[in-house]
Amino acid sequence: MAWIAVSCPQCGTPLPRLALWRSVKCGSCGSLITKTDSVVTRDSFHQALNRARKDSAGLDALLCCGYRYHLMQLLGVGEISQVYLARRIDSLPFLATIKLSSAPAASSLYSREAQVLVELQALDADGVGAYFSRLMPEVISQGVVEGNDGKHALVLRHPSGFWGSLAALNERFAVGLDPRHAVWIWRRILEVLNFIHHHGWAHGNLRPEHALVHPQDHGIRLIGWSGAKKGAGENDKSADLCRSARVVRVLLCGASSSGDLPNSVPAGLARLVTRTTMDEDFCRSQGAEGMDALLRAEAKAAFGPPSFVSLTI
Amino acid sequence: MGYGNYSSAAHAALTASRAHLGGSEVFAQRQCHPLMSPKGLKVRECRDSAEHPDSLGIVFALDVTGSMGDIPRLLATKELPNFMKLLTACGVVHPQLMFMAIGDANSDQAALQVGQFESTAELMDQWLTWSFLEGGGGGTGQESYDLALYLAAQHTDMDNWVQRKKKGYLFMTGDELPYPALSRHHIDALIGEKLDEDIPVEEVVAAAVETYHVFFLIPDLARRKRCEARWRELLGNHTICMESPADTCAVAAAIVGLTEKLIPDLDALAGILSGNGFDREHVGSTVRALQDYAALLKLPQSNYSSSAATPVGKWWKRLFE
């Protein structure tokens with residue numbers, strides 16, 4: 001057996017046995033002692049992380065669940081929340097949508113919404129769940145905002161390319177949206193409803209503010225899932241369908257309307273919208289899939305075979 | 001390394017000649033090639049030269065465990081010339097490519113294989129096809145991606161960074177989680193280098209990010225569920241979920257073009273892809289995969305329409321009460 005005395009080469013003070021395999025700081029003279037020249041110290045990597053975080057130190061930041069976020073843009077204001085576009089401060093940036101509570105009731109709703117979204121993201125059905133998981137919000141975290149008077153935050157992955165909500169779209173097209181756009185918007189909503197209804201869920205609070213529009217891709221993303229219901233019955237599902245038709249009616253009428261469908265809406269489409277808006281039994285009998293088939297038929301009769309019509313905002 | 005000129009025609013001919021071959025014929029190594037062994041590796045250099053005065057180091061760290069063998073095969077039999085063609089179309093004229101192969105250091109024989117930075121089709125192809133597709137992986141849901149990050153941070157030296165403070169690119173492909181920390185035992189066993197302690201993967205990422213634009217490419221939507229959230233924690237919007245492994249080269253080339261500001265936006269990207277023979281489906285899936293990253297580059301110009309979440313006094317409010 002060979003005996004080794006580990007001592008500081010600078011001052012001769014005995015060093016702990018850790019010095020045999022890692023860097024240590026001499027307790028006496030403060031020198032950093034490494035065993036050989038070729039030892040790579042963790043500290044150099046740690047410093048890299050510190051530098052990355054320091055680069056953004058001057059920014060106003062919101063701290064939630066261990067991460068710092070820089071709030072960049074106010075996206076909307078609701079009864080209990082302010083919604084921001086935010087950027088996570090770290091080595092590599094991450095864009096998030098943050099719902100920041102402005103009323104005490106928000107915390108339980110955020111918690112509920114986060115739970116719902118996690119369960120919805122986990123749904124799968126012969127592989128199509130991967131497709132639908134992209135159409136629904138993704139939770140990053142939710143919890144108390146540190147040092148901010150007990151405010152809560154729900155942090156979601158920011159969906160890029162979305163222009164705004166259908167409520168904003170309704171404002172933009174105040175005299176009514178082109179019915180051809182209303183058709184694809186309704187079809188996208190029905191597509192998501194069909195998926196969640198198939199898995200026993202209902203959205204529960206479908207309204208123009210709870211759907212975002214992606215004009216370029218003709219995409220719709222449903223948001224506001226805190227009222228979603230698992231184990232939904234036929235009534236819940238038909239209520240979703242009924243409300244989807246009301247959303248479409250709002251778009252067709254426009255913000256400046258008194259609520260009557262304009263004459264530019266083809267008669268068949270107008271009848272389908274009106275009936276779906278009011279007749280829950282009809283919704284129940286058709287389901288989302290049947291409703292989509294009826295809508296396709298009416299759209300084809302009115303506008304011909306499907307074609308991409310650019311939504312210019 | 002990095003001398004010689006690239007010939008797109010030669011490269012396309014090289015890959016086309018073996019398009020009919022099986023994976024085991026293209027990748028004939030049955031163990032780590034001695035020249036790709038990282039043991040004793042000091043540094044991989046990406047240097048400027050008279051032929052390449054503006055070199056740009058690009059590293060592909062390919063996961064070669066069982067579930068991920070399709071990307072190396074696609075690169076070797078079809079896609080790598082497309083990557084180079086797109087880079088050229090974007091205006092990146094002096095790229096130098098290096099291939100690494102990544103496995104699982106806890107269970108594989110060759111958990112880390114490292115090529116050299118190269119500029120010619122023959123040498124790029126050589127290092128790619130010398131990779132040993134071990135097809136292992138430990139079944140733990142984690143692979144040793146940390147080794148690629150460490151190697152890039154600690155053992156590469158690029159003139160684009162040293163001379164011009166321009167970062168290189170590190171593209172990792174994979175469908176598993178990273179280990180939480182880089183093990184000093186693994187580094188000792190594989191590279192023969194001493195670490196004073198294990199290094200958390202966040203710190204390894206931070207070190208790599210100082211000289212590279214680091215990206216993690218997930219091959220398809222079905223596989224994103226098991227690893228995307230963790231990678232997004234580590235790499236943010238540099239985590240790219242593709243719709244098909246066949247998009248790897250188009251996505252990587254587009255990232256270089258967008259980051260270098262040689263492609264102004266996704267519309268221009270779609271035009272470049274279409275102009276280089278990519279079909280509509282391929283163009284669409286590439287553009288969709290890059291939307292989040294492109295949004296990040298466009299900041300702070302967001303055109304999101306702010307609105308009150310519950311507009312007051314609208315005629316239609318009663319419909320939803």
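Keep in mind it's a predicted model, so treat the numbers as computed, not measured. Sequence lines set the chain letters: A, B, ... in the order given, protein chains first and strands last, and positions in each chain run from 1.
Heavy atoms of R223(B) lying under 4.5 Å from chain A are absent altogether. For chain A, the nearby part of Y150(B) is the side chain; its heavy atoms alone come within less than 4.5 Å. In this structure, chain B has heavy atoms under 4.5 Å from both the backbone and the side chain of R243(A). Within the 4.5 angstrom heavy-atom criterion, only backbone atoms of L206(A) (N, CA, C, O) approach chain B. Contact annotation for N205(A): neither backbone nor side-chain heavy atoms come within less than 4.5 Å of a heavy atom of chain B. Heavy-atom distances place no part of A96(A) under 4.5 Å from chain B, backbone and side chain included. Looking at V24(A), neither its backbone nor its side chain comes within 4.5 Å of chain B, counting heavy atoms on both sides. Looking at Q291(B), both its backbone and its side chain come within 4.5 Å of chain A, counting heavy atoms on both sides. Residue contact with chain B, scored on non-hydrogen atoms closer than 4.5 Å, involves the backbone and the side chain of S133(A) alike. Neither the backbone nor the side chain of Q47(A) comes within contact range of chain B, judged by heavy atoms closer than 4.5 Å.
Summarising the local packing, CD of E281(B) is surrounded by 12 or fewer heavy atoms from other residues, nucleotides or ligands at distances under 6.0 Å. In K39(B), the NZ atom is crowded: over 12 heavy atoms of neighbouring residues, nucleotides or ligands sit closer than 6.0 Å.
At a heavy-atom separation below 4.5 angstrom, chain A is approached by V214(B), L221(B) within residues 212-221 of chain B. Contacts with chain A (heavy atom to heavy atom, under 4.5 Å) involve no residue of residues 165-176 of chain B.
Taking I313(A), D217(A), T277(A), D43(A) one by one and counting their heavy-atom pairs under 4.5 Å with chain B, the maximum is reached by D217(A). Among the candidates S23(A), S81(A), A255(A), P93(A), the residue making the largest number of heavy-atom pairs closer than 4.5 Å to chain B is P93(A). Counting heavy-atom pairs under 4.5 Å between each of L234(B), V209(B), D196(B) and chain A puts D196(B) at the top.
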Evaluation steps, side-chain contact (heavy atoms from CB on, under 4.5 Å), between N170(A) and W316(B): CA-CA 11 Å; N170(A) 189 47; W316(B) 49 263; 3.0 Å; yes
Intermediate values then yes/no, side-chain contact (heavy atoms from CB on, under 4.5 Å), R42(A) and L195(B): CA-CA 7 Å; R42(A) 177 193 161 186; L195(B) 297 186; over 6 Å; no
Stepwise salt bridge (charged side-chain N to carboxylate O under 4.0 Å, His left out) test for E209(A) and K317(B): CA-CA 10 Å; E209(A) 309 93 291; K317(B) 265 196 72 181; over 6 Å; no
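Ion pair R134(A)/E243(B) flagged as a salt bridge, since at least one NZ, NE, NH1 or NH2 atom sits closer than 4.0 Å to an Asp/Glu carboxylate oxygen. Between R88(A) and E233(B), none of the side-chain N atoms (NZ, or NE/NH1/NH2) sits under 4.0 Å from a carboxylate O, so this pair counts as no salt bridge. Ion pairing of R157(A) with D292(B) is present here, as a side-chain N (NZ or NE/NH1/NH2) and a carboxylate O approach within less than 4.0 Å.
In this view, S244(B) and A246(B), D247(B) satisfy the side chain to side chain contact (heavy atoms under 4.5 Å, CB included) rule, not counting sequence neighbours. In terms of the side-chain hydrogen bond (donor to acceptor under 3.5 Å, both in side chains) criterion, S91(A) has no residue partners (sequence neighbours excluded).
Distance alone, capped at 3.5 Å, is enough to place a donor-acceptor pair between the K225(B) side chain and the Q121(A) backbone. Under the 3.5 Å distance criterion, the side-chain polar atoms of R246(A) are matched with a main-chain donor or acceptor of L319(B).
Going from atom CG of N237(B) over to atom NE2 of H158(A) covers 9.5 Å, rounded to the nearest 0.5 Å. For the atom pair CG (L92(A)) and CZ (R232(B)), the distance works out to 12.0 Å, reported to the nearest 0.5 Å. One distance of note links CG of L49(A) with CD of E210(B); it measures 9.5 Å at 0.5 Å rounding. Taken to the nearest 0.5 Å, the SG atom of C253(A) stands 4.0 Å off from the CH2 atom of W315(B). Here the CZ atom belonging to R53(A) is positioned 7.5 Å from the CD atom belonging to E202(B), to the nearest 0.5 angstrom.
L296(B) has its side chain out of reach of F94(A): every pair of non-hydrogen atoms, C-beta onward, lies at least 4.5 Å apart. In this structure, P208(A) and F320(B) have side chains that are in contact, with non-hydrogen atoms separated by less than 4.5 Å. Looking at heavy atoms from C-beta onward, F45(A) lies in side-chain contact with Q154(B) at the 4.5 angstrom threshold. The shortest distance between side-chain heavy atoms of Q216(A) and D267(B) falls below 4.5 Å.
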